[in-house]
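Residue numbering restarts at 1 for every chain, and letters A, B, ... go by the order of the sequence lines.
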Amino acid sequence: MRKLTRTTRVAAAATAVFGMVALSACGAAETGKSQDAKGDKTVKLTVPSWVGAQANTAVAAYILESELGYEVKQQQMGEVLAWDALSKGDIDAIMEDWGHPKEEKRYIEDKKTVVKGGDLGVEGHIGWFVPKYFADENPDVTDWKNLNKYADQFRTAESGDKGEILEGSPDYVTNDDAIIKNLDLNLKTNYSGSEAAQITAIKKYAKEKKPFLTYWWTPQWLNAEVDLVEVQLPEYTEGCDADPEKVACAYPVTSLQKFLNADFAENGGDAAQFLKNFTWSTEQQNEVAQMIAGDKMEPEAAAKKWVEANEDTWKKWMP
Amino acid sequence: MSATATARPAPEKTAPAVTASRPSLAELLRHPLRGKLAVLALVAAVVVPTAALLWGTGAWPENLTADISAPLDDANRWVIDNRDTHPLFLYFLLHLSNTATDAVGSVYDVLDAMGWTGVLAAAVLFAWRAAGLGRPGAKVAATAFGAFAVCGLLGMWDATLLTLALMVVAVTLAALLGMAIGLLAGLSDRVDRALRPVLDTMQVLPAFAYLLPFVLVFGTGTPAALFCTVIYAAPPMARLTALGLRGADPSVLEAVTSLGTSPWQRLRTARLPLARKQMLLGLNQTIMMALSMVVIAALVGAGGLGEEVYSALSTVDVGKALAAGIPIVLIAVWLDRTTGAAGDRIGQGAPGAGLLHGRSAWALVAGGVAAAVAARFAVGAAWPEGWTVNISTPVNQAQAWVTDNLSSGVPLLGGTEVWSENFTLWILNPLRDGLMWLPWWSVLLLVAAIAWLVGSWVSALTATAAMSLIGVLGVWTKSLDTLSQVLAALVVTLILGVAAGVLCARAGRLERWLRPLLDAMQTMPQFVYLIPVVALFGVTRTSAIIAAVVYALPAVVRITAQGVREVDPAAMEAARSLGASTRQQLLQVQLPLARPALRLAVNQGVVLVLAVVVVGGLVGGGALGYDVVKGLSRGEMGLGMTAGVAIVCLGLVLDRVTQSARKRG
Amino acid sequence: MTAPTAPEAAKDTAADGPSDEPVFSVRGLWKVFGPKADRVPADPELAALDAAELRARTGCTAAVRDVSFDVRKGEVFVVMGLSGSGKSTLVRCLTRLIEPTFGAIEIDGEDVLSMDASRLRELRRHRASMVFQHFGLLPHRSVLDNVAYGLEVQGVSRSERRARAAEVVAKVGLEGLEHRRPGQLSGGQQQRVGLARALAVDPEVLLFDEPFSALDPLIRRDMQEEVVRLHREEGRTMVFITHDLNEALKLGDRIALMRDGRVVQLGTPEEIVGAPADDYVRDFVRDVPREQVMTVRTAMRPPLSGEADSGPALPPGATVFEAIEAVARTGEAARVVEDGRCLGVVDHAALLTVVAGTDRREEVAA
């Protein structure tokens with residue numbers, strides 16, 4: 001008899017739990033679209049993995065909090081993931097984007113959940129670079145036609161009998177394998193797999209004054225520490241990189257873009273307007289980036305320092 | 001980590017498929033190994049020329065590949081287009097993700113509301129209560145106090161709480177899921193057999209590969225991070241629960257049956273309690289696995305300590321990364337010691353006296369925590385600003401010094417860079433080039449032959465199928481590149497690990513001294529030592545191998561030490577009484593008798609080395625690891641998944657060619 | 001007197017009338033392990049094979065072969081045999097812990113083999129409980145909770161089962177150890193817990209599977225005396241498995257001696273020792289101190305005139321050993337007296353015959 005009551009009790013509890021689950025499941029779940037942006041004053045920004053973009057976010061967040069009275073939530077995530085989160089409203093804005101044609105088409109044109117937020121003002125450029133101390137000794141290395149002559153000096157254990165070109169994080173677009181093949185260069189890519197590994201390798205080479213060739217870009221805070229000189233590849237023309245297999249030209253100069261969640265852009269009020277207005281120069285971004293990366297300051301502290309010194313610039317962004 | 005993957009699918013040992021017809025051959029075949037070799041020679045003599053004629057040489061042929069990227073990418077797109085409208089999402093998956101977010105959020109709120117005094121008190125009292133009174137309890141409690149105090153001192157208090165909140169929910173879910181799976185597998189042989197490959201895949205498939213679909217389905221931040229962690233961390237709990245249920249003392253179960261228990265009563269009152277020790281070990285393993293996902297969780301925006309590590313990487317700030325990595329290690333040590341001590345107490349069963357026993361002790365713990373929570377109003381909830389130490393600068397200076405002085409130009413030894421170069425030139429390159437030089441069909445034959453020699457024809461079949469799948473997926477060359485790295489890492493790990501393990505077994509003090517180091521090697525996120533490794537060894541495959549060795553070594557050392565130490569004392573005594581020298585004792589008694597443990601060490605070595613193939617991709621390993629990372633960061637699910645599946649296949653092949661079928665079960 | 005074969009013995013007991021109704025009644029029981037075990041008992045040709053042949057022919061092992069016996073109410077029924085003789089399998093078949101292959105088992109006239117799961121649980125919970133060689137205690141429970149386990153399984157409330165368990169714990173002499181864990185007890189104490197657990201459910205029959213073979217000799221003797229005492233006090237029916245002949249002779253009212261799955265002899269200790277059925281049994285009992293087992297009822301001869309009135313009186317169940325003592329003390333032949341009637345006398349010569357074992361041949365010849 002007692003056994004029975006115990007069983008009954010368990011059964012009743014189980015029924016209750018299942019019932020609750022079933023009831024709650026009856027309702028459609030919240031999709032998490034940026035309802036926050038309408039009511040309370042919260043802005044969600046993504047923090048990308050590279051310092052330049054961290055500088056944008058830090059400064060924007062600092063001004064939003066201190067001047068406009070918003071609460072800013074910063075979330076770190078990969079770039080493509082950030083696009084997806086932007087589309088879903090999990091974040092409100094991407095402050096620096098180097099170009100994601102596939103995502104732009106998917107989210108801006110097809111789903112219309114993301115809108116452009118205008119130029120950041122910073123110009124990004126990808127290219128092949130050699131250290132200045134090497135270019136000074138061998139001035140003709142800066143022309144791609146002479147690279148084969150120096151391939152020997154770029155050799156490492158990884159590249160075998162070819163010269164090594166150091167590649168970066170898989171995050172970044174690269175056509176280098178195609179360029180090497182199509183320009184018939186005696187080089188081999190070595191994928192370092194992460195920006196941190198690539199920077200570490202560059203710093204180490206620079207310290208030992210060794211020759212090296214690397215895929216690199218500006219703006220980048222490291223450029224302030226290590227002087228790099230770009231190797232001139234065949235000039236970029238519109239559409240020369242259309243077929244990834246046949247690329248044989250330099251990378252374009254990209255005007256870096258901001259993107260906002262469509263809902264936020266419309267209903268985000270002052271915050272949305274401020275982020276649309278946000279625009280600064282490459283030098284200004286580098287200044288903050290160098291404070292964060294070179295001087296190891298906390299991003300907030302670096303942003304505070306810059307904001308206090310550059311009131312003229314950011315006053316123009318205020319809505 | 002000793003039991004994370006103790007068992008893999010185990011076909012019964014079966015008689016060789018080829019049997020001899022002539023008596024002379026039968027004679028030969030009586031010797032198992034020589035017999036197999038003879039058959040192999042015969043098969044090779046026939047097959048090799050035929051295959052060479054038919055298929056020639058070179059890598060896996062194009063026309064035998066199938067592209068799985070396209071359907072995966074389609075699925076990817078379908079999810080993005082339908083997740084806001086499709087009922088599957090609205091009525092099920094979104095509930096899951098919202099509940100996950102809420103659960104982690106509320107745990108964090110509770111921790112935050114307790115204040116630092118409350119959390120510290122709770123951690124210490126919990127450890128003390130779990131480990132029991134007396135010396136062991138005090139020691140564990142002291143560890144807990146030290147761990148949390150250091151987290152605060154390093155300025156990582158809030159990040160620690162965030163990570164802890166995620167871990168609490170993730171470990172709870174993983175433990176429950178693992179227990180459920182383990183129950184099924186423990187009670188039914190068929191489920192057990194069916195689940196083993198699933199569990200293996202869950203552990204070896206890199207999280208990077210399925211992070212993307214999880215983000216698409218569950219959203220960035222907490223939910224994706226949580227579910228990925230659960231998937232990675234649940235298998236050990238499942239395995240050990242099943243093991244515990246199966247290993248229950250049959251005489252107890254018989255006695256319990258003889259008293260007329262129903263199956264449910266048997267499970268509740270005997271089987272589960274008897275499996276408690278194993279289950280606690282499973283929980284311990286689950287916690288360790290979950291903690292190793294902290295940084296990966298940060299990649300999708302889960303925040304916490306992982307984010308600190310990850311953002312330190314962008315500025316190449318080793319000191320800051322270390323400051324965030326140390327709390328992860330300390331949380332791991334705290335939980336490991338606490339669960340370990342609780343496990344030791346099971347079976348000792350010495351109920352303490354009076355007041356400090358059972359419920360009253362828990363009441364005391366609750367009281368202590370309540371008092372500490374009250375105290376927070378006096379001292380504030382946040383860790384005091386002034387009580388933090390900046391270790392970043394000195395660590396960075398130390399790292400710079402080490403790099404400058406050890407990487408090259410060291411008299412006689414040459415320096416790390418020289419070693420790395422020679423290792424790449426003389427070991428890695430020949431190994432890789434050799435593998436790639438082999439015609440594809442001969443690789444398959446080789447795999448089949450070794451698997452058959454070591455195990456049975458079933459393992460040969462599985463290994464060959466897995467290797468063929470790699471070819472079909474179109475990542476043949478990359479997989480051979482990765483395979484060469486994995487093999488090199490495995491050999492280095494085993495040589496170092498077995499040597500260190502034997503030393504540890506013979507000198508207990510050394511092991512005590514090494515334990516914190518091994519703990520740190522195992523739980524410190526690899527991202528933290530990525531930079532120093534690259535600084536010392538360069539962007540090379542050697543760096544990838546170093547990362548793998550560091551991660552896999554502790555398990556191998558521990559398993560070897562345990563195996564050697566547990567060698568039957570009677571056998572050792574007999575050897576000593578015969579006047580065997582230390583060397584003879586080791587080579588003739590200890591190592592042969594520790595063979596099961598050594599086999600387990602190899603198995604664990606394979607699993608763990610493969611688990612960090614992706615990390616290797618971050619420091620110049622390239623190949624499959626790089627593809628997995630690229631798939632995630634570029635949103636190409638097909639690319640990442642293909643590489644991920646290929647890694648799983650490599651795991652299967654390596655397991656089959658190293659583990660004999662009999663012992664695998 | 002010839003030793004009865006097993007089935008005959010069963011018939012004998014069955015004929016004893018309703019007052020002596022058997023608790024367990026086993027008929028033609030088989031337990032065969034191996035592939036397609038069913039066919040072995042069914043096929044007379046296979047059933048006749050010996051163990052090695054059977055294994056060669058079918059891959060099967062017959063642990064119990066065509067065994068029949070009755071366990072009478074209130075008796076201690078001992079099944080004795082060397083390891084591998086099938087005795088442990090046999091006792092497990094009684095409550096179907098091991099499912100028999102063929103045959104019939106009845107408990108109080110109810111067919112055990114046809115019981116469904118719940119009826120079988122009922123049997124195990126209330127009617128027959130077992131004490132095991134390796135104790136089978138739950139290591140995570142205290143002594144008290146282990147003893148109360150059978151009651152818990154039946155659904156008895158916590159306070160009631162604890163109270164009843166406490167009584168049984170006292171009965172087996174474990175007072176003061178109620179809150180210890182099994183791991184903290186000695187082997188003998190653990191087996192007392194096992195015994196208490198079986199007793200706590202107040203079963204009709206107690207089944208013992210070599211309960212004392214894992215214990216030290218001294219403790220074993222204590223425990224045997226404990227069982228004797230319990231049996232004397234409660235008169236509970238017991239089935240006792242052992243490989244120890246002395247234990248069997250000491251405890252058993254009747255003994256079934258097993259070899260290779262068969263019962264080779266079933267009888268009282270006196271019958272087994274006094275009239276071994278075959279050379280195997282004879283060899284087995286050779287070293288038994290016969291005077292401790294044989295009773296004066298066997299050793300006596302009809303009284304000569306005058307003897308019926310003098311000399312020390314002994315009950316017919318007294319052992320020869322006791323008779324020797326009495327005869328030696330008085331110097332006269334002892335009388336065997338039952339209900340005031342003299343059944344016979346034992347003198348020096350008769351007693352010496354028993355001790356020397358020379359009586360056996362005559363009996364077998366007769």
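- Using a 4.0 Å cut-off between a side-chain N of Lys or Arg and a carboxylate O of Asp or Glu, B/Glu417 and A/Lys210 qualify as a salt bridge.
- Taking 4.5 Å as the limit, every side-chain heavy atom of B/Glu307 sits out of range of all side-chain heavy atoms of A/Gln74.
- When each of B/Leu212, B/Leu425, B/Val533, B/Val619 is scored by its heavy-atom pairs under 4.5 Å with chain A, the top score falls to B/Val619.
- Within the model, atoms CD of A/Glu195 and CG of B/Leu618 stand 12.5 Å from one another, a figure rounded to the nearest 0.5 Å.
- The distance from atom CD of A/Glu158 to atom OG1 of B/Thr424, rounded to the nearest 0.5 Å, is 5.5 Å.
- By the neighbour-count criterion of 12 heavy atoms within 6.0 Å, atom NZ of A/Lys296 is densely surrounded, having more than that number from other residues, nucleotides or ligands.
- For the set B/Leu211, B/Asn422, B/Leu299, B/Leu313, the count of heavy-atom pairs under 4.5 angstrom toward chain A peaks at B/Leu299.
- Using a 4.5 Å cut-off between heavy atoms, A/Trp221 touches chain B through its side chain atoms alone.
- For a residue to count as touching a neighbouring chain, one of its non-hydrogen atoms must lie under 4.5 Å from one of that chain's; by this rule B/Leu530 touches chain A with the side chain only.
- In this structure, no portion of A/Leu222 lies under 4.5 Å from any heavy atom of chain B.
- Nearest approach of B/Ile531 to A/Ala196, heavy atoms of both residues: CG1-CB, 4.2 Å.
- When the heavy atoms of residues 624-634 of chain B are compared with those of chain A, the residues falling under 4.5 Å are B/Tyr626, B/Val629, B/Lys630, B/Leu632, B/Ser633, B/Arg634, listed by number.
- Contact annotation for A/Glu298: only side-chain heavy atoms (C-beta onward) come within less than 4.5 Å of a heavy atom of chain B.
- Expressed to the nearest 0.5 Å, how far CG of B/Leu216 lies from CG of A/Leu81 amounts to 7.5 Å.
- At a 4.5 Å heavy-atom cutoff, A/Tyr205 makes no contact with chain B through either its backbone or its side chain.
- At most 12 heavy atoms of other shown residues, nucleotides or ligands fall within 6.0 angstrom of atom NZ in B/Lys478.
- Neither the backbone nor the side chain of A/Glu167 comes within contact range of chain B; no heavy atoms are under 4.5 Å apart.
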Margin query: Show, in sequence, the C-alpha distance, side-chain angles and deciding distance for A/Leu166 and B/Val539, and conclude whether the side-chain contact (heavy atoms from CB on, under 4.5 Å) test is met.
Written below: CA-CA 8 Å; A/Leu166 193 60; B/Val539 174; 4.0 Å; yes
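- Exactly one residue among A/Lys204, A/Glu208, A/Lys207 makes a side chain to side chain contact (heavy atoms under 4.5 Å, CB included) with B/Asp404. That residue is A/Lys207.
- For the set A/Glu164, A/Glu79, A/Met77, A/His100, the count of heavy-atom pairs under 4.5 angstrom toward chain B peaks at A/Met77.
- Atom CH2 of B/Trp78 sits in a crowded spot, with more than 12 heavy atoms from other residues, nucleotides or ligands closer than 6.0 Å.
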